[in-house]
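Indexing begins at 1, ligand by ligand and atom by atom, following the structure's order. Predicted model only: the values in this text are computed from it and were never measured.
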Amino acid sequence: MGLFVFAAATFLAIFDITSAAVAPTTTLNDGRQIPILALGTYGGNGDKMRQTINWAVEAGYRHIDTASIYENEAAIGQGIADVIARGLVKREDLFVTTKLWNDRHARDQVVPALKESLARLGLDYVDLYLIHFPISSEADGTDSYIDYLETWKGMEDAKKQGLAKSIGVSNFNSQQIKRIIDNSEIPPAVNQIEVHPAHTRERLVANCHSMGVVVMAYSPFGFLVPRESSAAPPPQANDPTLVRIAQKYGKTTNQIVLRYLIERGAIPAPKSTNKDRLKANIDIFDFQLTPEEVATISKFNVNKSIFDYDTQKNHPYYPFTE
Ligand SMILES: NC(=O)c1ccc[n+]([C@@H]2O[C@H](COP(=O)([O-])OP(=O)(O)OC[C@H]3O[C@@H](n4cnc5c(N)ncnc54)[C@H](OP(=O)(O)O)[C@@H]3O)[C@@H](O)[C@H]2O)c1
């Protein structure tokens, strides 16, 4: 716990929380800067996604999170081309993250897969390339058993070729990250995992921080927003505890949950394709929660994921054990 508090405090100490609409940055273990709020994009596509990128950059977002499996890299690339052509930003002002899908885990498949993502995005590098899952699959989705250490060598190749400025993982547990660190040249810079009030992942977040790995929090709203899963635990958007905290700061409960993740030293990646909600989700840098409020929100934890990964639980690289 002490280590976690220290890591979170270190994370918070290095950015100015009163700065304007553009999200502050923190430093990765390879020395590069990463904005501490990302735009989630899963489920958005086509002209709507292109428009979303325009609205998001206007609102101050500089970090965009996608993946080859989202099938929206081309639309995001068009949005990026728009905002650069409009003079809103230069390429180097943006931080673009994408992910390697499970069926390209052989070392010699990694760089070609990234080049395909880059072609769709219309970019010559991404800022961050992540292994989406430690578990590999065949093209038809059935399990395969490629060791993620082999995949990681391909990620190192991508970084050395300048195609990915930083490299990391997603959905890995601490033992898997430690195994990469112990057996590789370059440590992962990031682990992108599900974190929200009903699934706080305190041990995993603390372990990542102690290994120098920055945590990105996906599905940050947890069960505050409708999910496919029928049994939604608290908190939901009208939860009285969250409403009380939100009223104190003149914010919404969704904003409180994003700020909670920032206080915990995680980088939330909220998804919205709605102009007003995009603006609201980045309007979280003019207040801070108290440690007591953070602890109160953490008490909602019931270790409940919004996803059901049970079909994979007998795989040797199944990560959801922590
Ligand atoms: N690495 C992985 O395995 C992994 C897995 C899942 C997700 N991700 C990443 O994380 C991102 C976020 O996760 P997610 O999309 O699952 O969930 P999320 O961001 O927690 O929630 C998205 C939902 O919340 C709604 N919403 C957004 N802002 C809101 C607000 N201020 N008030 C009320 N509702 C709001 C959105 O609708 P509108 O669009 O209509 O606003 C959408 O239905 C993904 O898009 C993806 O980039 C990564």
Check each atom of ligand 1 against the heavy atoms of [X] and keep those under 4.0 Å away; list them by number with element.
{"X": "His132", "answer": "1 (N), 2 (C), 3 (O)"}
{"X": "Gln192", "answer": "1 (N), 2 (C), 4 (C), 8 (N), 9 (C), 48 (C)"}
{"X": "Thr273", "answer": "39 (O)"}
{"X": "Tyr70", "answer": "4 (C), 8 (N), 9 (C), 46 (C), 47 (O), 48 (C)"}

Practice item. Compare Phe223, Phe221, Phe133 and give the one whose heavy atom is closest to atom 21 (O) of ligand 1. Key: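 Nearest option to atom 21 (O) of ligand 1, by heavy atoms: Phe221.
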
Practice item. Tell me which one of Ser219, Pro226, Ser170, Pro270 gets a heavy atom nearest to atom 13 (O) of ligand 1. Key: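 The nearest heavy atom belongs to Ser219.
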
**Study point:** With Arg91 via salt bridge (charged side-chain N to carboxylate O under 4.0 Å, His left out) - residues at least two apart
**Key:**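 For Arg91 the salt bridge (charged side-chain N to carboxylate O under 4.0 Å, His left out) partners, ignoring immediate neighbours, are Asp127.
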
Considering heavy atoms of the protein only, find what lies nearest to [atom] and give residue, atom and distance to 0.1 Å.
{"atom": "atom 12 (C) of ligand 1", "result": "Ala269 O, 2.9 Å"}
{"atom": "atom 45 (O) of ligand 1", "result": "Tyr42 N, 2.8 Å"}
{"atom": "atom 36 (C) of ligand 1", "result": "Lys271 O, 3.5 Å"}
{"atom": "atom 2 (C) of ligand 1", "result": "Tyr218 CE2, 3.2 Å"}
{"atom": "atom 30 (C) of ligand 1", "result": "Arg277 CD, 3.5 Å"}
{"atom": "atom 31 (N) of ligand 1", "result": "Asn281 OD1, 2.9 Å"}
{"atom": "atom 24 (O) of ligand 1", "result": "Val225 CG1, 3.4 Å"}
{"atom": "atom 18 (P) of ligand 1", "result": "Arg227 NH2, 3.6 Å"}

Check your understanding: Quick one: does Gln161's side chain get under 4.5 Å of Val111's, heavy atoms only?
Key ->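 Gln161 vs Val111: side chains touch.
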
Review point. Can you find a pair of side-chain heavy atoms, one from Phe300 and one from Tyr260, that are under 4.5 Å apart?
Key: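 A side-chain contact is absent here, since even the closest heavy-atom pair is not under 4.5 Å.
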
Point to revise | Atom pair CE (Met155) and NE2 (His105), whose distance is rounded to the nearest 0.5 Å | key: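 Atom-to-atom, Met155:CE and His105:NE2 are 8.5 Å apart.
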
Review point. For the atom pair CZ (Arg104) and OG (Ser136), what is the distance rounded to the nearest 0.5 Å?
Key: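 The CZ atom of Arg104 sits 13.0 Å away from the OG atom of Ser136.
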
Review point. How about Arg86: does its CZ atom have over 12 heavy atoms from other parts shown lying under 6.0 Å from it?
Key: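 Atom CZ in Arg86 is packed in, count exceeds 12.
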
Exercise for review: Give a yes/no verdict on whether any heavy atom in Lys279 is under 4.0 Å from an atom of ligand 1.
Suggested key: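 No; Lys279 lies far enough from ligand 1 that no heavy-atom distance drops under 4.0 Å.
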
One residue to check: [X]. Relative to ligand 1, which of side chain, backbone, both or neither has a non-hydrogen atom less than 4.0 Å away?
{"X": "Asp65", "answer": "both"}
{"X": "Leu224", "answer": "neither"}
{"X": "Leu130", "answer": "neither"}

Give yes or no for whether the N/O distance cutoff of 3.5 Å, strictly under, is met between [X] and ligand 1.
{"X": "Asn274", "answer": "no"}
{"X": "Tyr309", "answer": "no"}
{"X": "Pro220", "answer": "yes"}
{"X": "Phe307", "answer": "no"}

Charged N-O contact under 4.0 Å between [X] and [Y]:
{"X": "Lys153", "Y": "Asp147", "value": "no"}
{"X": "Asp157", "Y": "Arg107", "value": "yes"}
{"X": "Lys251", "Y": "Asp286", "value": "yes"}

Run the side-chain donor-acceptor check on residues 310-321: report pairs under 3.5 Å with partners two or more places apart or on a different chain.
unit_1 : atom_1 : unit_2 : atom_2 : d
His315 : ND1    : Tyr317 : N      : 2.9
His315 : NE2    : Ser144 : O      : 2.9
Thr321 : OG1    : Asn173 : ND2    : 3.2

Check your understanding: Picking from Gln288, Arg259, Gln255, Glu293, what satisfies side chain to side chain donor-acceptor pair (under 3.5 Å) with Tyr249?
Key ->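 Of all the options given, the one that passes is Glu293.
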
Practice item. Scan Ser219, Ser305, Ser170 and name whichever one has a side chain to side chain donor-acceptor pair (under 3.5 Å) with Glu194. Key: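 The option that passes is Ser305.
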
Check your understanding: Any protein heavy atom sitting closer than 4.0 Å to atom 43 (O) of ligand 1?
Key ->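 Protein heavy atom within 4.0 Å of atom 43 (O) of ligand 1: absent.
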
Check your understanding: Judged by modelled atom types alone, do Lys165 and Tyr129 share a side-chain donor-acceptor pair under 3.5 Å?
Key ->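 Their side chains do not contain a donor-acceptor pair, so the 3.5 Å distance test is not met.
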
